[in-house]
Amino acid sequence: MVVLGIESTAHTASVGVVDGSARVRSLATDMYRPAHGGIHPREAANHHAEVFPELVERALVSSGVDVTEIEAIAFSQGPGLGPCLRSGATVARTLAQAWEKPLVPVNHCVAHLEIARVLSGFRDPVLLYASGGNTQVVAFSNGRYRVLGETLDLGIGNFLDKLALSLGATFPGGPILEKWAREGRDVEALPYSVHGMDVSFSGLFTAARAAVARGIRKEDLALSVELTAYAMLCEIAERGLAHLGSRELVLGGGVACNARLRAMVEAMAAPRGIRVYSPPPSLCVDNGAMIAWNGILAHAGGITTEIEDSVVLPRQRTDQVDAPWRAGPSSGGEVSPP
Amino acid sequence: MESETESLAEGAEAKIHLATFLGLPAVRKVRLRKAYRHEALDARLRSERIRTEARLLREARRAGLRTPVIYDLDLSRETLTLERLEGTPLTEILRDPSGSPERRQEVVRHLGRALGRLHAASISHGDLTGSNVLWMGTDVAFLDLSLGSRTPGLEEFGIDLHLVEEDLRTLCADAEALYEIFQAAYSEANPRDAAAIRERAQEIKGRVRYA
């Protein structure tokens, strides 16, 4: 089985073609980059609408797959920015009608978990999902995907971007902050905010801005912020793992590409005997291939939607997702992909 | 004076050993160093948390709540020796598929009442999951207050309620009804501030973007 997947929850428009053995046949991605400032949902949506035709073409051609081999069209239904989601859903509906293929809705957060799960070969991992808008610890438990912990205010990526932008960087600021942090020497004590399995970043943001006003070197600030914020992520991941008694952790999201975060996660996991898998960057950030793969699982589980019911769900909750491909509590058995 | 027996559990943050203290059954909680954290940050957190835990356990007890008695606090070894409470973690009761709804209701009613009293005494818990609350047969006991605060604002109180709601949702199918019962008991025990705190908990839930 081959499925074409469409991703457009935020700044990334992406089309992926994946087969039943989770081989990524092709992946075509184009990221919206604002001239200045942060992401504007409508402008991002316009960008997506503009690039999608070419992305579909490119993904299809480079996959070497004939349209007749494609079994279904999968799309990111939510959660995400409404206008962006609608751009992708429109393309998916168009393709589904033109090619007469079933339309399969996919939850974006679950797709991050499922692509990392199949690539890792882990049975039932916990996902540390760290991106612009999302900061969550997610796992499959009691027959549902659950958010064990999350940010109570800013997403980690939005927080890093905001901070970097205020220091003169361009969007996305995270990678620039990462570069500065490598030149950092002195570590400043900053607020560390963990509540149970949740985190918050607004106090850290305020303190970081105050440190800037005091004239801290931006390299030292970047290092201090990374060490503090990533330690918070490691801690909630560790708590989530301890809570479930799980020994498998996978990473997802743009921020999870950060080398320091990956190293810190490894350092957290090793003494506990926890195995860690980080997908390659192209499949760790938002991408159409993970939507296609989750589409394969969902379609095999009998999940499709009619065009008229295929509304996007900008605030779709992770625990609302039906997962027939994951039979039994805590993944006892499961439906294997075709 | 103090003897160690066996390792009981390794949580995310500490190792818990069964022990005795002056012949009394005790547990020893040793805070673990975290290699992933910058050394200065790790030292700061361990020191802050053990002190906070000891202080809040004592003050919650003074406010009439059930918490383990502190037998010994050894800051140099980052070790807290506590009374060993024989109770059942709420997690076990709430996620037991053979447990009766009435039992779950009774337990969350007591949790609501106890948390209301804790908040009325101006203490937030900070890590209010079912594994940090013990059912003692007639009442609940709070464990691990190391992420709590003695000077909490609406946000900290609201987070405590939010964590209870999230935890119930992860553990039981009848979470909604249980949370209603919990909130009613909570409001009765903390009549002055309950309305504002419940409102903040709702706001936090809405703020959490994608959960």
Side-chain angles (χ1 to χ4, degrees), chain A residues 9 78-80 108-109 129 133-136 138-139 141-142 144 146-155 158 187 189-190 192 194-198 200 223-224 227-228 230-231 234-243 263-272 314-319 329, chain B residues 9-14 32-45 48-49 89 91 94-95 97 124-132 144 146-149 152 155-160 162-164 166-167 169-173 175 200-201 203-211:
Chain A
T9 48
H108 175 88
C109 306
Y129 178 22
N134 291 291
T135 306
Q136 301 183 331
V138 185
S141 151
N142 273 334
R144 310 246 101 190
R146 311 275 176 186
V147 178
L148 300 172
E150 66 203 307
T151 178
L152 298 174
D153 45 38
L154 302 164
N158 289 349
V187 178
L190 292 168
Y192 181 96
V194 168
H195 316 272
M197 277 184 263
D198 297 328
S200 64
L223 175 63
S224 311
L227 287 173
T228 309
Y230 296 163
C234 288
E235 178 168 356
I236 60 168
E238 184 176 24
R239 285 169 165 260
L241 288 156
H243 184 68
M264 287 170 69
V265 166
E266 294 282 351
M268 175 275 285
R272 303 187 71 90
R315 296 182 66 93
Q316 188 181 33
R317 295 178 49 93
T318 307
D319 61 9
Chain B
E10 181 170 346
E13 280 201 78
L32 303 168
R33 281 168 197 268
K34 295 293 173 188
Y36 64 83
R37 276 190 206 129
H38 183 259
E39 216 176 295
L41 173 62
D42 191 47
R44 185 184 104 205
L45 289 175
E48 270 175 21
R49 287 178 179 179
T91 319
L94 293 173
R95 75 165 155 221
S124 69
H125 188 289
D127 190 9
L128 200 53
T129 61
S131 28
N132 283 334
D144 196 350
S146 61
L147 298 181
S149 166
E155 181 77 7
E156 283 77 14
F157 289 138
I159 287 172
D160 274 353
H162 175 68
L163 289 182
V164 170
E166 289 295 302
D167 205 37
R169 262 223 296 258
T170 347
L171 295 171
C172 7
R200 177 60 69 101
E203 190 206 312
I204 292 168
K205 190 177 162 188
R207 204 192 300 152
V208 169
R209 195 167 150 210
Y210 289 154

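The analysis underlying the following values was restricted to heavy atoms, covering all of them including side chains, and did not include hydrogens, waters or symmetry mates. Residue numbering restarts at 1 for every chain, and letters A, B, ... go by the order of the sequence lines.
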Region of H125(B) in contact with chain A, defined by heavy-atom distances below 4.5 Å: neither

Side chain, backbone, both or neither: which part of E13(B) has a non-hydrogen atom closer than 4.5 Å to chain A? side chain

Proximity breakdown for L45(B) and chain A, heavy-atom pairs closer than 4.5 Å: side chain

Could I get the full list of side-chain hydrogen bond (donor to acceptor under 3.5 Å, both in side chains) partners for R146(A), not counting sequence neighbours? none

Kindly compute the distance separating CG (L152(A)) from NZ (K205(B)), expressed to the nearest 0.5 Å. 14.0 Å

With a 4.5 angstrom heavy-atom cut-off, could you sort out which part of A242(A) is near chain B: side chain, backbone, both or neither? side chain

Going by the rule ring pair (Phe, Tyr, Trp, His ring centres under 6.0 Å), which residues pair with H108(A) if we only count those two or more places apart in sequence or in a different chain? H112(A)

Ranking D167(B), L147(B), L32(B) by heavy-atom pairs under 4.5 Å to chain A gives rank one to L147(B)

Contact class of V194(A) relative to chain B, heavy atoms under 4.5 angstrom: both

Quick check on the interface: out of I204(B), T129(B), T91(B), T170(B), who has the most heavy-atom pairs with chain A under 4.5 Å? T170(B)

Heavy-atom distances under 4.5 Å only: say whether R44(B) touches chain A with side chain, backbone, both or neither. side chain

Side chain, backbone, both or neither: which part of R272(A) has an atom under 4.5 Å from a heavy atom of chain B? side chain

Using a strict cut-off of less than 4.0 Å between a Lys/Arg side-chain nitrogen and an Asp/Glu carboxylate oxygen, indicate whether R49(B) and E235(A) qualify as a salt bridge. yes

Inter-residue atom distance T135(A).OG1 - N158(A).CG, 0.5 Å rounding: 8.0 Å

If you measure only the distance, is there a donor-acceptor pair under 3.5 Å linking the side chains of Y36(B) and E238(A)? yes

Heavy-atom contact with chain B under 4.5 Å, split by part of L241(A): neither

Which one, G126(B), S124(B), A35(B), leads in non-hydrogen pairs under 4.5 Å with chain A? G126(B)

Lys/Arg-Asp/Glu bridge criterion (N-O < 4.0 Å) met for R33(B), E39(B): no

Look up atom OG in S141(A) and atom CZ in R95(B), then write down how far apart they are to the nearest 0.5 Å. 7.5 Å

